[in-house]
Amino acid sequence: MNHSSGLDPVIELYKKDVDRTLIRKNLKLSHEERLQNAMELQRFAQELRKAGRRVKRAAGRPKDLETISELEAIREEEQNEE
């Protein structure tokens with residue numbers, strides 16, 4: 001597999017869709033910081049699942065709007081943290 005550029009064309013194709021700045025930023029973190037970030041992401045995912053279940057249970061009831069606003073608030077918080 002000898003390519004003139006020295007790189008695999010499949011890898012080059014995928015690289016255009018990868019935000020390498022995020023990878024570099026993550027690699028600058030310590031192992032503990034990466035683990036902490038992963039744990040925070042897991043907690044956030046769990047909260048989203050809980051909110052999703054509440055939305056399903058509340059379907060067709062006035063409480064729907066309250067749950068939807070909670071989901072939007074969670075999403076907004078996450079976007080502000082980035």
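Position 1 is the first residue of the sequence, and the numbers go up from there.
Two different hydrophobic clusters hold L22 and Y14 under the rule that ILVMFWY side chains link at heavy-atom gaps under 4.5 Å.
Separating the NZ atom in K50 from the CZ atom in R53 is a distance of 7.5 Å, to the nearest 0.5 Å. To the nearest 0.5 Å, atoms CD (E77) and CD (E47) are separated by 10.0 Å. A distance of 9.5 Å separates CD of E78 from CG of N80, quoted to the nearest 0.5 Å.
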**OP:** Would you sort out whether T21 and K25 count as a side chain to side chain contact (heavy atoms under 4.5 Å, CB included), showing the intermediate values?
**Re:** CA-CA 6 Å; T21 60; K25 179 180 175 185; over 6 Å; no

**OP:** Apply the test side chain to side chain contact (heavy atoms under 4.5 Å, CB included) to residues H31 and L35: give CA-CA distance (whole Å), side-chain angles for both, the deciding distance (0.1 Å), then the verdict.
**Re:** CA-CA 6 Å; H31 295 347; L35 181 58; over 6 Å; no

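Among all heavy-atom pairs drawn from V10 and D8, the shortest one is N-OD1, 2.9 Å.
Other residues, nucleotides and ligands contribute at most 12 non-hydrogen atoms within 6.0 Å of the CD atom of E76.
With R34 contributing its side chain and K28 its backbone, the two residues share no donor-acceptor pair below 3.5 Å.
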